[in-house]
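Below, read A as the first sequence line, B as the second, and so on, with proteins coming before strands; counting in each chain starts at 1.
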Number of protein chains: 2
Amino acid sequence: MFQNVLIAEDQNTINKGVERTLNELNIPNVITAQYCDDALLKLKAALRIDLPFNLLITDLSFKADHRKRTLTSGEELIEAVKAIQPDLKIIVFSVEHRIGKIKSLIDTYDIDAYVEKGREESIELKKAIHTILEDKMYCSPSIAQLLRNVDDISQTDLYDELLLQLLAKGLKREQIANYFKEKDFPARSLSSIEKRINKLKVLFDAHTSEQLIAIAIDRGLI
Amino acid sequence: MFQNVLIAEDQNTINKGVERTLNELNIPNVITAQYCDDALLKLKAALRIDLPFNLLITDLSFKADHRKRTLTSGEELIEAVKAIQPDLKIIVFSVEHRIGKIKSLIDTYDIDAYVEKGREESIELKKAIHTILEDKMYCSPSIAQLLRNVDDISQTDLYDELLLQLLAKGLKREQIANYFKEKDFPARSLSSIEKRINKLKVLFDAHTSEQLIAIAIDRGLI
DNA sequence: TTATTCCTTACGGTATACCATAGTACAATG
DNA sequence: CATTGTACTATGGTATACCGTAAGGAATAA
């Protein structure tokens, strides 16, 4: 079992809760950090005295407050950690459910587990830890399901996702068409872009494009 | 000190954490519920055997899963609770920071405390409990600040918030104008609605109304 | 009181979005 | 090869959004 575990999570109560879960697994040393910067410092300090952490459990989003921050997100923390201690096992523990975001996290940083916050989270955390001990990757069932599907999703849908993102970024229909033309994407004409948007509005039952964006954000597509 | 406390919160880990915080206050009976419906059942059962809960700590949002739900949010739970046990003390414990939502919660249901989830949440929970014991209302500092300001905020801003909500709900400019006319709000003409939207776009540096909605959602205005 | 300012509204022109239709290119099929 | 079907595109008309201007009214200041 892991001996030294660091939890990076700003919510006080969650820290207490995760600590208790880890206690139940008989992990002797559990340290918490409420800021990414603190987490990195503690990792470095532990390395220096030759008592490195074996596992990092980190959230993705950290609230801003009065303190000045260098690292502002779990993703930045992970990147910094990989630079100083590449073999450290990492569990990401977050409410994030945008599959694109999670996939890129897995692909880019090769994290060891993704546990989605929710009702059964502490059971899942335990499972994740046991799975990692066997050098395998763990993922919450709901997310694993989505990950399996993500490869099946037709290219079209990915273009739809991009289209929604561009709309949310403030591009007009014609600008989007030009963007698609530059990138040499299929269905790049203004007419096709309009058709696509219309299709999405029907799909999501949106009356206006403003509502379409609101729905897309709500469903985590953007 | 309170003897019987019920926590309604879907996140397992937070339940554990809050439990520990309440233990530190020497509260003997702490029960948790991961569904609003369960919370209501437990409150009713406790009333029936004449051992009612003295305090409810509840989140606002509960994830949907396979289970069929009657009550789907903390707000609905609070409404139901007020019907069967109007004198029960209630602490709302949530990440919600939209001040309009919180204000309506306080005004409508007369909740006893609002604690915003964040770094110092468990300290705040303790403060909230001590304050409630003296029959006073508690509110997280950040929120209290906003509440003090909310009365100063010109009505205009509240109408702007509503306008953004209506846009996100899929109403067209003209429909919004009609809505404002029905409610007898100021600046209810189509022209004024257009000007308002334009002002908001300048304010938020949005190129299109789609982007405006995206930004408004991002900032928690909707 | 008049003058000034601010807010609201009406109106008109332009740009963009929306929608239907038809034409074209290309692949699959017989 | 012709035929069919599908996806993409072009085009034009209508509706809506966008933007400027000016008129009217209420509140305020001189």
Basic-acidic side-chain contact under 4.0 Å: B/Asp107, B/Lys103: yes
Nearest-angstrom distance from the residue atom NZ of B/Lys172 to P of D/dT16: 5 Å
Spacing of A/Gln211 atom CD relative to D/dT16 atom P, expressed in whole Å: 16 Å
Interatomic distance where NE2 belongs to A/His207 and C1' belongs to C/dC19 [whole Å]: 17 Å
Contact pattern, 5' to 3', of nucleotides 4-10 of chain D - B, S or - by protein heavy atom under 4.0 Å: ----SBB
Whole angstrom value for the distance that separates C1' of D/dC18 from CD1 of B/Ile193: 15 Å
Residues A/Glu116, B/Lys63: salt bridge by 4.0 Å N-O rule: yes
Presence of salt bridge, B/Lys136 and B/Glu134, under 4.0 angstrom: yes
Interatomic distance, B/Glu174 CD vs D/dT16 C1' [rounded to whole Å]: 9 Å
Partners meeting side-chain contact (heavy atoms from CB on, under 4.5 Å) with B/Pro141 (sequence neighbours left out): B/Glu124, B/Tyr138
Separation of atom CD in B/Gln175 from atom C1' in D/dT16, rounded to whole Å: 11 Å
B/Phe185 and B/Tyr159: CA distance, side-chain angles, deciding distance, ring-ring contact (aromatic ring centres under 6.0 Å, His included) verdict: CA-CA 8 Å; B/Phe185 291 159; B/Tyr159 291 123; 4.7 Å; yes
Nucleotide C/dT8, atom C1' - distance to CG of B/Asn198 in whole Å: 16 Å
Rounded interatomic separation in angstrom, taking CD from B/Glu210 and P from C/dT16: 13 Å
Side chain of A/Ser209 (C-beta onward), nearest among C/dC18, D/dA17, C/dC19: C/dC18
Given C/dC19, C/dC18, D/dC18, the nucleotide with the shortest approach to the side chain of B/Glu194: D/dC18
Carboxylate-amine/guanidinium proximity below 4.0 Å for B/Arg188 and B/Glu182: no
